[in-house]
Structures are given as C-alpha cells and as structure tokens.
Amino acid sequence: MDAVAILDFGSQYSQLIARRIREAQVYCELFPHDAPEEKVMALKPKAFILSGGPNSVYDPGAPGLPAFVLSSGLPVLGICYGMHLLARALGGRVAPSDRREYGRAEVRPESGSAILPGKSFRAWMSHGDRVDRLPEGFQTTAVSDNCPISAMEHPARRLYAIQFHPEVNHTEGGREILASFLRTTEVAPEWTPGSVIEQSVAAIRRQLGSEAVVAGVSGGVDSTVAAALVHRAVGRQLTCIFVDTGMLRAGEPEAVAAAFRETLGAKLVAVNAAEEFLDALAGVSDPEEKRKIIGEKFIRVFEREAQQAGGKGGQARFLVQGTIYPDVVESRAAERSSADKIKTHHNVGGLPKDLGFELVEPLRYLFKDEVRKVGAELGLPESLVWRQPFPGPGLAVRCLGEVAWERLAILRAAEKILDEELAAAGMLRGETAQAFVVLLPVRSVGVMGDGRTYQEVCAIRAVTTEDFMTADWARLPHELLARISSRIVNEVKGINRVVYDITSKPPATIEWE
C-alpha cells in the first residue's frame, strides 16, 4: 500500500496531520524527527510531510532536517517549522518575525500555486520566525500581512512549504490543500476501513501465532473493536475478560456480557471485583493516583484470570487493549517523547512496570472516528459502534474526590437520567460526541419541601468533536438542560444543584480527571 511518512518535530498538531492524510484515504505513519533512516524508509514512502514544532531552526540543539528526506528525491511538504527546515537546508534564510503571529490570518495566494486555492483564505498561524529569503529555485506562492513569504514552492523538485497549519479546522480549505499536495505525488488512495482490517488481522496473526491471548473489555467502543479485530484474526485463541469494577454505568455489566457472548460469539469471563477496586481506592482523591491504582488492579485481575486462559495450565502471554491515538498523545508515550504529558491513561502510562503480558494494541494509531468505521465494517451493531465513550477507570474519574459506594450510586442514577433525556431528544449521536455527569466534591445549600438541604453538586459535560484531540462544548437546548436538571434534583437523592460545563478542549480535557 502506498504511504506518506510524517516527521514529527514536536507540534501539538502533528497527529492531526496524520488524521487529515488518512481522511484522504492515504496511509501514513508518524515518526519522531530523529527516527533512524532505515526505520522510516522501510515504510517505502512516496512523499514526506514535515510537521511544525516549538523550536527555532537557529537555536542550539534544534532538530534538523534528516539528509535522507531531500536525497530521496520524493515530494516534500513542510509545515511551519518544516518550512523553515526546508528553507535553511536549501540555502534560504530564516529569521525572527517582526511580530509573532498566533491565530487566524488572511493568506493571499499568488503566482499559480500547485497546492493552494486561487483566492484568499483564512489560515491558522502559529509562529515566531519566518522565511525572509527564498532558497534558489523557489518561488513565493502566498503572502500575508505579517509574513511576506507565507508559502513557497519548487515545482520541478516537488518541494512545497507553507507557514500556516492546514491540518486544523481553523484553516479554510485546509483539507483541500493537503489533498492537492497528495495529488502532486504518486500516492494512491487505498486507506479504507477494509484495508485497516486486512492489515490489522495480518499483523495480529504474525504477532500471536498460535498463542493464547486475553482481552480486557469494558463495553466501550475501543475495547470492543480491538477485541473484535483479534477475534477475527485468531478466533478461539482469544478469551475476553470483563471486570466489573463497581464503577460502571447502570445496567452495563449485563449489557457487556450479552454483547460479547451473543454478538461477537467470543469466549467471555466475567469477574465481579467491585469490592477489590473500592477497597484499593479507599481514601484516595488524587486523579493520577486513582488511574494508577485502577490500572495496576486491572492488570493483577487479568494476570489471575489469565492463568485459566493460557491452555495447558500456562498463563496467556498476550493482552489486547483498546488503546487509541489520543491516549498515546496525552500520556506522552515513547513515540511522542517530545509532547507534554497531560494525564496518565490506565492502558498507556498507568501500567505497572512488572507487566506480565506483551501488549496487542490494534487501534494504537487510530482516531476515534476511524475506530467506529472499522467497527461498522466488522459488522458490529450500531448500538456498540456508537456507544458513548467511557474512560477505562470508569466512574472513578467522574466521581471527583474520594470514591465510595454511595457516591457511585448517586452518580450512576444521574448519568442514567442524562442518557435517557439525550436519547429521547435524539442527541446521543452527532449532536454530542460524548456526554456524561461529573459528581463534584462540593456541597451546596438548597431548599426542598420548605426545608434546608446541604447536598452534592453535579456537572453535566457534553462536547462536540471530530477527533477527540480538540472539542467544543455542545450547545444543548435550554429546555433540554432544564428538564435534565429538574429530573436529577427531584429523582436523585443526594444532589441539589446541577451545573453545565462550557469549557472547550483545550484548555480543558474532556474528562474532568
């Protein structure tokens, strides 16, 4: 399959470049900027994309452009810092801008660009440097008020560079610009859900051979699709282990068991470990500590149950996890070592050091929407594919402060009401990519039945997003919010106040913890 290699120089948007290229049905892989040449070229790329980054090219120790990029003779697109790298490597000059530029700017194309539209457009800028002298053979193909060389091209060598970020939604026609670059290459658009399944199944079979494998399933779309892929690849070698942590949504344990046994036809071991998890979390309120405790407890339960899943009395060597790309990015996994750690995901950074399994992570480089498409292609029912995302640690990270039986019961009841009302309004799919209730470690004074109350506060969080890397708060109708609030305070004993979270991501994450 034809492919594009993306070199990551530390931009917060690098993973979005990969997403946009895949949207154009072209396979791509994201490599650290200092990845060995043999590793990158093993992909047999037909083009390179150079991401942005936080450095200045003239800073001591700043990442440089690997020599093999230009010596390959392949088409190259440099974005922001990637543009500066190309310019400097080819004899141009990069210097500090007169004025830093962050946010939208009007870009005016000129001189017949091969990849830019023919008219002015608004683009997202994020730079403190700029190219102020073209390399030999290049022409300026766009300008802006603060950047006289907003884009440059060398058509004969198929080298293109732009100062702005086409991968973000804030750039008008950004997808079309990336698609235009792809058309200058010899890359065929062959990346589809069917091809993902075909490649994943082949890779899983190579990794597992005839070995037994266990899958930790939660009922969420990620773990379900990951397990379905492995089941497609190795069938009865897979045993799914479902752990009831006591922190699941109302009716979830029963629904998960039915889905795996009846829909997938997979072997399922259901374990009620609620008391173990709650005992381990007693007195803990720090969110990072919660995630680490839950991550380790999951693995210990898996290790115990896997003794029975390995066959011939041996423990299964392999563990399937539904890790997806946003988990990797936010947890600062090894392949994203230049990115800041935002929070520990129990299936990435929260695993114990003495993990007794080799991981099988077929979704590790897929975004949430790609996971859903793969699930639909696998024939999973819509109710599973479009299920509301749910964090691995469950309600523990939506129950802010200490986790206790009575607080979990309150939270479950409130979240059930939210789901019912959103479903009745037809807003559980599309209008809200994710919606849930957070129980706050805060009490407020209220009045019920002419009497004073002093009870807990809950927050409703509902967001819209394409990729879960960025998100905006959902503009739910006021009448719907009023109905949800009224039901919660009247039907859930222990809550007397409901608030609505109107924070985007960034600066906030989607989950509160």
Side-chain angles (χ1 to χ4, degrees), residues 6-14 16-17 20-21 33 47-59 62-65 69-70 75-155 157-181 184:
I6 304 168
L7 297 189
D8 179 10
F9 291 90
S11 169
Q12 60 181 312
Y13 304 129
S14 294
L16 288 181
I17 302 173
R20 301 304 178 221
I21 299 304
H33 64 84
F48 288 99
I49 296 178
L50 313 177
S51 84
N55 299 97
S56 294
V57 291
Y58 44 76
D59 286 343
L65 180 65
V69 172
L70 292 176
V76 181
L77 172 64
I79 297 173
C80 197
Y81 185 77
M83 176 181 184
H84 303 162
L85 287 173
L86 274 179
R88 198 169 197 232
L90 293 167
R93 187 174 66 193
V94 179
S97 298
D98 297 333
R99 178 168 57 87
R100 292 177 179 270
E101 192 170 28
Y102 298 100
R104 288 186 175 89
E106 182 178 295
V107 174
R108 300 182 293 277
E110 56 182 37
S111 66
S113 168
I115 66 171
L116 300 179
K119 61 181 181 179
S120 298
F121 59 94
R122 302 285 286 177
W124 188 258
M125 296 282 192
S126 179
H127 66 97
D129 298 332
R130 69 186 187 189
V131 176
D132 68 355
R133 187 181 68 211
L134 287 171
E136 184 177 351
F138 279 78
Q139 62 186 29
T140 300
T141 53
V143 301
S144 67
D145 290 341
N146 193 48
C147 194
I149 306 177
S150 291
M152 64 182 193
E153 298 178 15
H154 193 311
R157 296 183 64 179
R158 295 184 296 176
L159 301 178
Y160 309 90
I162 51 181
Q163 183 62 73
F164 57 90
H165 290 272
E167 67 272 25
V168 302
N169 285 328
H170 303 300
T171 294
E172 296 173 355
R175 289 173 173 83
E176 289 73 19
I177 292 169
L178 290 171
S180 294
F181 167 69
T184 71

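Below, each value reflects all heavy atoms present in this structure, side chains not excepted, and no hydrogens, waters or symmetry copies.
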Within the side chain of R20, is there an N or O that forms a donor-acceptor pair under 3.5 Å with the backbone of E167? yes
Given the options P155, P109, S113, T141 meets side chain to side chain contact (heavy atoms under 4.5 Å, CB included) only with S113
What's the shortest heavy-atom distance between F9 and G64, and which atoms? CE2-O, 3.5 Å
A side-chain contact here means heavy atoms from C-beta on lying under 4.5 Å apart; do I149 and D132 qualify? no
Donor-acceptor pair, side chain of S56 and main chain of Y58, under 3.5 angstrom: no
Okay, side chain of N55, backbone of V57: is any donor-acceptor separation there less than 3.5 Å? no
Using every non-hydrogen atom in the two residues, find where M83 and A161 come nearest and quote the distance to one decimal. CG-CB, 3.4 Å
Hey, does the side chain of Y160 reach the backbone of T184 with a donor-acceptor pair shorter than 3.5 angstrom? no
Donor-acceptor contact below 3.5 Å, side chain S150 vs main chain Q163: no
side-chain contact (heavy atoms from CB on, under 4.5 Å) for N169 and R175? Distances and angles first, verdict last. CA-CA 9 Å; N169 285 328; R175 289 173 173 83; 3.3 Å; yes
May I ask you to test the D145-R108 pair for a side-chain heavy-atom distance under 4.5 Å? yes
Are I6 and S14 packed together at the side-chain level, in the sense that at least one heavy-atom pair is separated by less than 4.5 angstrom? no
A side-chain contact here means heavy atoms from C-beta on lying under 4.5 Å apart; do L85 and V69 qualify? no
